[in-house]
Amino acid sequence: VIDEVGKPSQQNYVIVISDGYIRNNTESFETLKKLKIEFKVTTLMVGYGGSYQTSAKVIFDRLARAGSCESPGEYGDTVDPISYDPLMNKTGCEAPIDAETPADLKTEIESKIRQIIAERLSFTAPSITATLEEGGSIYQAQFNYRSNTEWKGHLYRYSIDNNVINDDLDTDEGKAAGNWDAGAELVKASKGSVNRKIWTAIDTDQYGSAGYTGNGGWNNWNINNAAAIQELFEATGNVVRDYHNSQSTCGIKNTPGVEDGIEDDVKGLINFVRGVDYFDYDGSSGSGACNITEDRDWILGDIYHSQLVEIGPPDGSTQFTDNNQEAYFRTINNYQSFKNTYSSRRNVLYAGSNSGLLHAINAETGREEWAFMPPFIAGQLPKLVNKDLDGRIEGGKGGTNAIFGVDGSPVVHDVFIKGLSMDGSIEDKKSWRTILFIPYGRGGAGFSVLDVTNPIVKAGKGPLHMFSVYNDYI
């Protein structure tokens, strides 16, 4: 049913999936053209099971042009299916989708749906999404919407003096008060993509040297572990698509590192999470090679639905009036000794972002101590890749889809359990541990649990991944 009123917010799409030669193609061209021009219905063509790479390719190309371009021309016109030259009006033109496998089809369709939704989104001002007040500080997460790129995230710390908030970041007074923006701290030369500690849980039985503890230094999210991380990318049924290749915008410009196949794109997606501009957000002038190894101008993704939590020294009460109270349980299990041991533990702010990461931010300086990529959220990252955005943003720039990553709110509690040793083995005796529960929210039906008893990576100690759960039937 097509609403002919044509409400501005309404979107009408038809997705045609074919696994072979399409008959009656000239009539189909006129039908799709009429749907697009008269009824504002866009048709997306999908060649499935290798059918696009056959003699039917020219038909897919023509029908895609008829179903998406505002001025598609005639059936027999010779039109480049990528650049749409020599059409005078290329508005709306969508290339056919080539999906050889079920995983390709799943990833491409989800990617396209995300693009469609993003094209209708708009935020006229920065959106405030989370606020936390602790002691003499107020922490506030904001983001700026950016079309066809990762949204720009901020995490501010403002000082509070005599119930007055000092929200000045740039003056000497604001700096003296300890105000900061974690997003700005992340792009400073002393940090950037290279010096970040980003870690994840990798199967060390199969990839023995890819662990995050020990020599891994809580920094195993890197291209040296590309084979292991590719398995995480594919764990939930998605696949990395071939964004940069010999026929892509950067490939035609002979950009170093661009290859046919997905090996370069797997490594590029790993680096993109770290902060590298692999999808060429800023473009390149003329025929010069793209710079897909530089850092993006902004690295912190949006903190949307995830609320903030600050963890410092253990502060559970041991004052009880009844033996059914948790304070009683703490007392009989020597919680006070745990409080004493970690009485100088540094305050760390935890926040999930749609970069796919849980960020651990030093509450005093605003600098990122480390970031954790939940293994099942890594499986959502291929949805970032949208080949249709290659070279099509603002005159030749690249782009990505926006996704939900770590979109749930962390929950913390001190628990008395048999915890993990730094080598991953289970301890023989119970001890007190500070546990952080990380639900994925809209990022997926799952959660990860970390031991953050030692929140700072130092002297061979640091946070530990206990387990992650993902319900792929929801």
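Numbering of residues begins at 1 and proceeds along the displayed sequence. For the numbers below, each heavy atom of this structure counts, side chains included, while hydrogens, waters and symmetry mates do not.
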Are any side-chain N or O atoms of [X] and backbone N or O atoms of [Y], one a donor and one an acceptor, separated by less than 3.5 Å?
| X | Y | result |
| --- | --- | --- |
| Asn354 | Gly405 | yes |
| Arg330 | Thr318 | no |
| Tyr156 | Ile138 | no |
| Asn362 | Arg367 | no |
| Arg433 | Asp451 | no |
| Arg157 | Gly178 | yes |
| Asn219 | Ile198 | yes |

#### Entry: Phe279 six-ring face occupied by Arg296 cation (under 6.0 Å, within 45°)
no

[atom1] of [X]: more than 12 outside heavy atoms within 6.0 angstrom?
| X | atom1 | answer |
| --- | --- | --- |
| Asp322 | CG | yes |
| Ile417 | CD1 | yes |
| Glu364 | CD | no |
| Gln325 | CD | yes |
| Gln319 | CD | no |

### Message
Holding to side-chain hydrogen bond (donor to acceptor under 3.5 Å, both in side chains), I want the full list of residues that pass it with Tyr158, two or more places apart in sequence or in another chain.
### Response
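For Tyr158, no residue satisfies side-chain hydrogen bond (donor to acceptor under 3.5 Å, both in side chains) once neighbours in sequence are set aside.
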
#### Entry: Partners meeting side-chain hydrogen bond (donor to acceptor under 3.5 Å, both in side chains) with Lys90 (sequence neighbours left out)
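Asp85.
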
Aromatic plane relationship, [Y] with [X] - under 30° parallel, 30 to 60° tilted, over 60° perpendicular:
| X | Y | answer |
| --- | --- | --- |
| His154 | Trp298 | tilted |
| Phe404 | His305 | tilted |
| Tyr212 | Trp199 | tilted |
| Phe447 | Phe437 | tilted |

How close do [X] and [Y] get, heavy atom to heavy atom, and via which atoms?
| X | Y | answer |
| --- | --- | --- |
| Phe233 | Pro382 | O-CG, 3.5 Å |
| Leu132 | Glu310 | CD2-N, 3.8 Å |
| Val452 | Leu436 | CG2-CB, 4.1 Å |
| Tyr342 | Asn454 | CE2-OD1, 3.6 Å |

### NZ/NE/NH1/NH2 to OD/OE distance under 4.0 Å, Asp265 and Arg241
no

### Spacing of CG belonging to Asp277 relative to CD1 belonging to Ile292, to within rounding of 0.5 Å
9.0 Å

### Task
To the nearest 0.5 Å, tell me how far Ile377 CD1 sits from Thr200 OG1.
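Spacing of CD1 (Ile377) from OG1 (Thr200) equals 10.5 Å.
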
Tell me yes or no: between the side chains of [X] and [Y], is some donor less than 3.5 Å from an acceptor?
| X | Y | answer |
| --- | --- | --- |
| Asp414 | Tyr335 | yes |
| His359 | Ser353 | yes |
| Asp264 | Tyr243 | no |
| Asn401 | Asn386 | yes |
| Asn291 | Thr293 | yes |
| Ser355 | Glu150 | yes |
| Ser448 | Tyr440 | yes |
| Asp407 | Ser306 | no |
| Tyr207 | Glu231 | yes |

#### Entry: Within the 6.0 Å centroid threshold, strictly below: Tyr278 and His244
yes

### Query
Are Arg345 and Thr434 close enough that some pair of their side-chain heavy atoms sits under 4.5 Å apart?
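SC-SC contact between Arg345 and Thr434 confirmed.
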
### Query
Would Lys112 and Glu108 satisfy salt bridge (Lys or Arg N to Asp or Glu O under 4.0 Å), going step by step from the backbone distance to the final call?
CA-CA 6 Å; Lys112 182 56 64 177; Glu108 287 284 3; over 6 Å; no

### Query
Testing Arg274, Lys188, Arg196, Lys197 for salt bridge (charged side-chain N to carboxylate O under 4.0 Å, His left out) with Glu368, which one passes?
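Among Arg274, Lys188, Arg196, Lys197, the one meeting salt bridge (charged side-chain N to carboxylate O under 4.0 Å, His left out) with Glu368 is Arg196.
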
